[in-house]
Amino acid sequence: MTHTLRLAAAADLSRAPIDITAVLDHLVREADATAATSIGFPGAVDLDHTEVMTRLGGRLWNNIGDPADEGGIAHTRALERAVITWTADLLAMPAEDRWGYVTTGGTEGTLSALHAAHRRKPTARIYYSAAAHYSVAKVVRLLGAHGILVHARPDGEMDYAHLAEQLHRRRRFPAIVVATAGTTMTEAVDDTSRIRAVLDEHHAGGHLHVDAALSGIPLALDGRLSLDDASGIGSVAISGHKFFGTPTPCGIVLIRDHLRAAGSRVAYTATADTTITGSRCGLSAALLWHAIAVHGREGHRWRASEARRLAAYTVERLNAVGWPAWRHPHAFTVVLPTPPEHVRRKWLLATDGDTSHLICMPGITPGQVDAFVADIADTRPRIRPIPRPRPATASPASSHAR
Ligand SMILES: Cc1ncc(COP(=O)(O)O)c(C=O)c1O
């Protein structure tokens, strides 16, 4: 029986008695066993969240309703507000024109932002690139909106000429453009100034949203992502479990306040209904608050720069063994030709056809990279035979081949 089937059988709730300890032990053992080779997905593993999990993990923390409200069930709303303020400050959002909350993840952030933008302009066309995360197309479908696919370059960045062409063709409709800061496969960052310029040429006032699930915080720490007045960006969505590595999936959405609709008040929750879900995870807000409080801006800047250094080292090592890897200069993500199945599986690499990636998130070590590169080097003779050295006296056939 495979591992998954064994676990499913042990966890089957219709069978009694259930050995609960054995099931939980099994899950932890499995997670421990794969931790050292889990380098394909973008969750930081260097932060210690134990204090929050130990002290708050045993009870319900539910931030129902608008985070700015004082009424209703407050739980960790004060911490949530602190997280929103810290992130909005980092992104240089004007203090009088900002709003946001802690979401379930990047997807909910984009849903919330595009819902606000689409509500203002219900006939808007929503433009996003072929390298955008699948959640963007899903959100467009959920809103019942018209989505327009824009070409992406092979390195993952949006094709701005194609965006201009698509916008021009539909110039009688309002426009919402989704840029990505850190595409899923190559961590490409769309140039929001160029998008804004193209957008203004065809649709002054069009909404520009940034899906910054992975790179939002690291780029903001560098000053390379800003939501100030000059940016022309209306909203941003960030995942919390990626750069902050929280043990619960979560995220942050920020929207320029004047672009969203005020929610209606709900009598029995004593708050405004402004968020996508009603009940919201207050534990996530506390985890984000703790991660920010412990390390501060400088600590997180250092984490990002160390992760980038390791990514640069990984590219160098892979190229040294003849495996042509590359990365964008700001990226944690290392892109490489897809290795054989056994290597991909062992290292849990994310793969799309002939391209795979690993992500040097904070906490991944040079030792893990070296072990991965050693596995790659081992596969070299099997998939690309190294030519034998030529004999000293070359035959006519071999000189012809040259
Ligand atoms: C670019 C991008 N956007 C959105 C998401 C979805 O984020 P979440 O899983 O937090 O909903 C991801 C997740 O990998 C992503 O890479």
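Order of appearance sets the numbers: ligands from 1, and atoms from 1 within every ligand. Sequence positions, counted from 1, serve as the residue numbers for this chain. Quick note: numbers below take in every heavy atom, side chains included, and nothing from hydrogens, waters or symmetry partners.
Using a 4.0 Å cut-off to heavy atoms of A213, the atoms of ligand 1 that qualify are 2 (C), 3 (N), 4 (C), 5 (C), 12 (C), 15 (C). Below 4.0 Å from some heavy atom of G105 lie the following atoms of ligand 1, by number and element: 10 (O), 11 (O). If you number the atoms of ligand 1 from 1 as listed, the ones under 4.0 Å from a heavy atom of S135 come out as 4 (C).
Atom 6 (C) of ligand 1 has its closest protein heavy atom at H133 CE1, 3.4 Å. Protein heavy atom closest to atom 16 (O) of ligand 1, with residue, atom name and distance, is T184 OG1, 3.0 Å. Regarding atom 3 (N) of ligand 1, its nearest protein heavy-atom neighbour is D211 OD2, 2.6 Å. Nearest protein heavy-atom contact of atom 8 (P) of ligand 1 is G106 N, 3.4 Å. In terms of protein heavy-atom proximity, atom 13 (C) of ligand 1 is nearest to K242 NZ, 2.8 Å.
Here the straight-line distance linking atom CE of M158 with atom CG of D190 works out to 4.5 Å at 0.5 Å rounding. Taking CZ of R171 as the start and CZ of F173 as the end, the distance is 11.5 Å to the nearest 0.5 Å.
S231 and S226 are not linked by any side-chain donor-acceptor pair at a separation below 3.5 angstrom, with hydrogens and angles left out of the test. Neither side chain, H133 nor T180, offers a donor N or O lying under 3.5 Å from an acceptor on the other. Remark: the T271 side chain and the D66 side chain contain no N/O donor-acceptor pair separated by less than 3.5 Å.
Using a 4.0 Å heavy-atom cutoff, G182 is listed among the residues neighbouring ligand 1. Using a 4.0 Å cutoff on heavy atoms, L214 does not count as a contact of ligand 1. Between G251 and ligand 1 there is no heavy-atom distance shorter than 4.0 Å.
Nearest heavy atoms, T355 versus M185: O-CE, 3.7 Å.
Here E108 has no heavy atoms under 4.0 Å from ligand 1, in either its backbone or its side chain. Heavy atoms from both the backbone and the side chain of T107 come within less than 4.0 Å of ligand 1.
Side-chain contact check for R327 versus T333: every heavy-atom pair is 4.5 Å or farther apart.
Aromatic ring centres of F244 and H300 lie closer together than 6.0 Å.
Taking the six-membered ring where tryptophan is involved, the planes of H328 and W326 are perpendicular, since the angle between them exceeds 60° and thus also 30°.
In terms of N/O distances under 3.5 Å, ligand 1 is approached by S239.
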